[in-house]
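Position 1 is the first residue of the sequence; numbering continues from there.
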Amino acid sequence: MSSSIKQPNVITCKAAVAWGAGEALVMQEVEVSPPHPQEIRIKVVTTSLCRSDLSALDSHAIFPRIFGHEASGIVESIGEGVTEFQEGDHVLTVFTGECKTCRQCMSGKSNICQVLGLERRGVMHSDQGTRFSINGKPVYHYCAVSSFSEYTVVHTGCAVKVSSAAPLEKICLLSCGLAAGLGAAWNVADISKGSTVVIFGLGTVGLSVAQGARIRGASQIIGVDTNPEKCDKAKDFGITEFINPNDCNEPIQQVIKRITDGGADYSFECIGDTGMITTALQSCCDGWGLTVTLGVPKVKPEVSAHYGLFLSGRTLKGSLFGGWKPKSDLPSLVDMYMNKEIQIDEFITHNLPFEEINKAFELMREGKCLRCVIHMPK
């Protein structure tokens, strides 16, 4: 090999490291390995906090660990065999990849890649190792992204090249929550014009579903949330009616059936509560009512529902990342934003410097933010 080819070295940088369930993140120096074959090392520019980061931090996960998965950045170096990316490319990270060659990727029916799907063990897909360490000891990854670090290493299949004209501090939201909600409305449910929609949980994902339903021309978009402060904000994204279950003296599904003349055409569970999946099913109409579940439950992962709900023609569908094939589809969503066809800016309620990342977690725990964008040092 020619000596003129630059070989990337280990980088030492700041990362917010989680050492235990529910504990504050600790800002400290970590070593980041050079990218291995078919990997790239990214200088993270911005990363936004997603509720699944909070849920995973609060669970008894693998520690020490670097969380974060909704991010944008610039390619700093490339590993052996990488031809798709060059140094300086602008990218979004994705928590579920697209290899483009496995059965699922080739099917045209699914975005669940068999090679680069959701990684739960805290390691890289390629060699089951980590690219982070502190004093020679491994620090584990999250969703094969780990963006709560000034630099991170990802598989090329878990990064999407985007236009350098798109603002990285905005479009980072498309790498998870916002795209998941839009895709659930468009790809999974395929909402039709004039239909009725009910959305349980009005965080970023739920409001993204509302935005998608509004763009599709739904006539009635009902938002259900126990936080009354979300009422006014929700209307900006298309919610036509807001219901707080705490204000109702009858089961919420009865309220929805009454105001939709027998049940909604589509319902979306965006909370991560399997009990609410049953309520969402009961809120749908007979014959064709479709319930889509997007939330990730922290407890009780099993779903239970009376078989009569399905005999009467209702359907329950799951959704991961809104059905988008990330590498194939995300660039078009960036284009839609640049053409002012979808809202992103309105979801960003807070911008914080990296050293205040624990404040972002506090805001999310207290229900005071939609998306908090964390800015890395220049």
Side-chain angles (χ1 to χ4, degrees), residues 104 107-112 177-225 234 237-243 245 251-297 301-325 329 333 342:
Q104 294 277 349
S107 71
K109 301 175 183 178
S110 168
N111 69 336
I112 311 294
L178 211 155
L182 288 173
W186 295 343
N187 304 327
V188 183
D190 193 15
I191 289 173
S192 55
K193 187 176 182 180
S195 57
T196 56
V197 176
V198 59
I199 301 163
F200 294 87
L202 298 179
T204 297
V205 174
L207 292 176
S208 298
V209 172
Q211 178 179 190
R214 183 195 68 207
I215 292 170
R216 278 289 178 92
S219 62
Q220 189 177 26
I221 307 171
I222 303 161
V224 181
D225 202 291
F237 296 97
I239 295 292
T240 58
E241 290 155 82
F242 178 86
I243 301 174
I252 192 70
Q253 58 267 34
Q254 296 300 331
V255 177
I256 291 161
K257 282 189 144 183
R258 190 175 66 251
I259 63 176
T260 57
D261 189 26
D265 297 305
Y266 308 95
S267 67
F268 295 84
E269 187 283 316
C270 305
I271 299 169
D273 179 340
T274 49
M276 289 307 295
I277 294 175
T278 305
T279 302
L281 273 167
Q282 292 169 335
S283 302
C284 276
C285 65
D286 288 340
W288 61 82
L290 170 64
T291 294
V292 180
T293 178
L294 296 87
V296 180
E302 297 82 12
V303 176
S304 61
H306 194 281
Y307 78 101
L309 291 171
F310 302 107
L311 274 185
S312 62
R314 291 172 178 83
T315 301
L316 173 63
K317 294 183 81 171
S319 172
L320 181 72
F321 196 52
W324 300 114
K325 289 178 175 287
D329 298 332
L333 285 179
I342 57 172

How close do A305 and L281 get, heavy atom to heavy atom, and via which atoms? CB-CD1, 3.9 Å

Nearest heavy-atom neighbours spanning P245 and I243: CD-O, 3.6 Å

Output the distance between atom CD1 (I221) and atom CD1 (I239), rounded to the nearest 0.5 Å. 6.5 Å

OG of S107 to NZ of K325: how many Å apart, nearest 0.5 Å? 5.5 Å

Heavy-atom pair of closest approach, residues D273 and G275: OD1-N, 2.8 Å

Give a yes-or-no answer on whether the side chains of Q220 and T196 include a donor-acceptor pair shorter than 3.5 Å. no

CD1 of I277 to OG1 of T291: how many Å apart, nearest 0.5 Å? 9.0 Å

I want to check something: taking the side chain as every heavy atom from C-beta on, are W324 and L333 in contact at a cut-off of under 4.5 Å? yes

Closest heavy-atom pair, A179 versus F321, reported as atoms and distance to 0.1 Å, is CB-CE1, 3.8 Å

For side chain to side chain contact (heavy atoms under 4.5 Å, CB included), just list the numbers for F200 and I252, CA-CA rounded to whole Å, side-chain angles, deciding distance to a tenth of an Å, and then say yes or no. CA-CA 10 Å; F200 294 87; I252 192 70; 4.2 Å; yes

Could I get the full list of side chain to side chain donor-acceptor pair (under 3.5 Å) partners for S319, not counting sequence neighbours? none

What's the separation between atom CG in D265 and atom CD1 in I191, rounded to the nearest 0.5 Å? 9.5 Å

Walk me through whether T278 and Q253 qualify under side chain to side chain contact (heavy atoms under 4.5 Å, CB included). CA-CA 10 Å; T278 305; Q253 58 267 34; over 6 Å; no

Please step through side chain to side chain contact (heavy atoms under 4.5 Å, CB included) for the pair V224 and I256, ending with a clear verdict. CA-CA 10 Å; V224 181; I256 291 161; 4.2 Å; yes

Between OH on residue Y266 and SG on residue C285, distance to nearest 0.5 Å: 9.5 Å

d(R214 CZ, T240 OG1) to nearest 0.5 Å is 12.0 Å

Note: S267 and A280 closest approach over all heavy atoms is OG-O, 2.9 Å

What closest approach, in Å, do V303 and L316 show between heavy atoms, and which atom pair accounts for it? CG1-CD2, 4.4 Å

Less than 4.5 Å apart, any side-chain heavy atom of T274 and any of E302? no

Before giving the answer on side chain to side chain contact (heavy atoms under 4.5 Å, CB included), spell out for D286 and R314 the whole-Å C-alpha distance, their side-chain angles and the decisive distance to 0.1 Å. CA-CA 6 Å; D286 288 340; R314 291 172 178 83; 2.9 Å; yes

Holding to side chain to side chain contact (heavy atoms under 4.5 Å, CB included), I want the full list of residues that pass it with C270, two or more places apart in sequence or in another chain. I199, V205, V209, F268, L294

Taking only residues two or more places apart in sequence or in another chain, which ones pass salt bridge (Lys or Arg N to Asp or Glu O under 4.0 Å) with R216? D190

